[in-house]
**Student:** 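Have a look at this one before I ask anything.
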Amino acid sequence: MDSTVPLGNRLQGRVIPPCSKSYAQRALAAALLASGRTTLRGIELCNDTRSAIAAIEALGASVEIIDQNTLTIEGGLAPRTNVLNVGESGLAARLFTPIASLADRPICINGEGTLRHRPMSMMVEPLMELGVEVRDGGGKLPIEVCGPMRGGRVVVDGSMSSQFITGLLIALPVAERDTTIEVRGAVSTPYLDMTL
């Protein structure tokens, strides 16, 4: 809804902006990895958010939609399927690939539409350095990962996207070992700040 208020008029009231899908997907990923129940309020159920919900359910979370913008999530990484479809969400693809890499079984991450043509090659080498077996589709989706991701030291090219780094930042605290991530050529650093 667009509204215009003439100059000189006084406004009063309360406005609640819709949730950012970037924040929503990060919160959903964290809720998956958290133990116990998480309640998220103010979530807008756009396509990308619905893709993230489907991803965390496939990876083991139980999600209940309470109302139009409230969810409860019972966390716990326990994959229910070997295929994770992230729809057309680039963030979900790059966010949930490292999270799926925590599991000790093969999981294929796939997408739809133009997402299948977007670059994913920046994930392969760092995941392998962290102990993950990776089979990629020539730098595009689908990509198959089999962990568990162990942690350690890794260098990541951040010049194409910050989304994969976001996935590492959320997944690696659950890994077996402490991790140091060296990011070279970081772009979209406000999104990294958001994740941190």
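Worth saying up front: this structure is predicted, and the values here are computed from it rather than measured.
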**Student:** Is a donor on one side and an acceptor on the other found under 3.5 Å between the side chain of Ser162 and the backbone of Gly158?
**Tutor:**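 Side chain of Ser162 to backbone of Gly158: no pair is present.
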**Student:** Hey, what do you get for CG (Leu59) to OG1 (Thr81), rounding to the nearest 0.5 Å?
**Tutor:**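 Taking CG in Leu59 and OG1 in Thr81, the distance rounds to 9.0 Å.
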**Student:** Between Ser20 and Tyr23, is there a donor-acceptor pair closer than 3.5 Å when you use the side chain of the first and the backbone of the second?
**Tutor:** yes
**Student:** Spell out, yes or no, whether Leu196 and Val187 are grouped together once hydrophobic residues are joined by side-chain heavy atoms under 4.5 Å, including indirect joins.
**Tutor:** no
**Student:** Minimum heavy-atom separation for Leu91 and Arg26, please, with both atom names.
**Tutor:** CD2-NH1, 3.7 Å
**Student:** Only distances under 3.5 Å count here; give the side-chain donor-acceptor pairs of residues 113-123 to other protein atoms, sequence neighbours excluded, each with its distance to 0.1 Å.
**Tutor:**
unit_1: Arg116; atom_1: NH1; unit_2: Asn110; atom_2: OD1; d: 2.5

**Student:** If we count only N and O atoms by modelled type, under 3.5 Å, do the side chains of Thr72 and Arg37 hold a donor and an acceptor together?
**Tutor:**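 Looking only at side-chain atoms, Arg37 and Thr72 do not form any donor-acceptor pair under 3.5 Å.
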**Student:** Out of Ile99, Asp104, Val132, which one pairs with Met149 under the side-chain contact (heavy atoms from CB on, under 4.5 Å) rule?
**Tutor:** Val132
**Student:** Report the residue from Glu125, Glu129, Met128 that forms a side-chain contact (heavy atoms from CB on, under 4.5 Å) with Val154.
**Tutor:**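 In the set Glu125, Glu129, Met128, the residue that makes a side-chain contact (heavy atoms from CB on, under 4.5 Å) with Val154 is Glu129.
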**Student:** Among residues at least two apart in sequence or on other chains, which ones pass salt bridge (charged side-chain N to carboxylate O under 4.0 Å, His left out) with Asp136?
**Tutor:** none
**Student:** Among side-chain atoms of Arg184 and Ser159, is any donor-acceptor pair under 3.5 angstrom?
**Tutor:** no
**Student:** Considering all heavy atoms of both residues, which atom of Ala100 and which atom of Ile109 are nearest to each other, and what is their separation?
**Tutor:** CB-CD1, 4.2 Å
**Student:** Only one of Val63, Thr49, Thr38 clears side-chain contact (heavy atoms from CB on, under 4.5 Å) with Leu28; which?
**Tutor:**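 Only match with Leu28 under side-chain contact (heavy atoms from CB on, under 4.5 Å): Thr49.
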**Student:** Nearest heavy-atom pair of Tyr191 and Thr166: which atoms, and what distance?
**Tutor:** O-OG1, 4.2 Å
**Student:** Side-chain heavy atoms under 4.5 angstrom apart, residues restricted to Ile, Leu, Val, Met, Phe, Trp, Tyr: same cluster for Ile181 and Leu130?
**Tutor:**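 Hydrophobic grouping puts Ile181 with Leu130.
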**Student:** Under 3.5 Å, is there a donor on one side chain and an acceptor on the other for Asp48 and Ser51?
**Tutor:** no
**Student:** Are the side chain of Arg50 and the backbone N or O of Leu45 linked by a donor-acceptor pair below 3.5 Å?
**Tutor:** yes
**Student:** Looking at residues at least two apart in the chain, or sitting in another chain, which of them share a salt bridge (charged side-chain N to carboxylate O under 4.0 Å, His left out) with Arg135?
**Tutor:**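 Arg135: salt bridge (charged side-chain N to carboxylate O under 4.0 Å, His left out) contacts with Glu144.
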**Student:** Taking atom OG of Ser89 and atom CG of Leu95, what is their separation to the nearest 0.5 Å?
**Tutor:** 8.0 Å
**Student:** For Thr179 and Gly151, which heavy atoms make the closest approach, and how far apart are they?
**Tutor:**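 So the minimum-distance heavy-atom pair works out to OG1-CA, 3.2 Å.
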**Student:** What pairs with Arg150 under salt bridge (charged side-chain N to carboxylate O under 4.0 Å, His left out), at least two apart in sequence or on another chain?
**Tutor:**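 Partners of Arg150 by the salt bridge (charged side-chain N to carboxylate O under 4.0 Å, His left out) criterion come out as none, since no residue qualifies.
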**Student:** On a heavy-atom basis, which atom in Leu71 and which in Ile43 lie closest, and how many Å separate them?
**Tutor:**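 Smallest interatomic distance, heavy atoms only, reads CD1-CG2, 4.2 Å.
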**Student:** Is the side chain of Arg153 donor-acceptor paired with the backbone N or O of Glu182 at a distance under 3.5 Å, no angle test?
**Tutor:**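 No: the side chain of Arg153 does not pair with the backbone of Glu182.
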**Student:** Looking only at heavy atoms, which two atoms of Ala29 and Ile170 are closest? And how far apart?
**Tutor:** CB-CG2, 4.1 Å
**Student:** Who pairs with Glu44 by side chain to side chain contact (heavy atoms under 4.5 Å, CB included), at least two apart in sequence or on another chain?
**Tutor:**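 Scan of Glu44 (side chain to side chain contact (heavy atoms under 4.5 Å, CB included), adjacent residues dropped) gives Pro18.
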**Student:** With sequence neighbours excluded, tell me which residues meet salt bridge (charged side-chain N to carboxylate O under 4.0 Å, His left out) with Arg41.
**Tutor:**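 If we apply the salt bridge (charged side-chain N to carboxylate O under 4.0 Å, His left out) test to Arg41, skipping adjacent residues, there are no hits.
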**Student:** Going by heavy atoms in the side chains, are Val124 and Ile143 under 4.5 Å from each other?
**Tutor:** yes
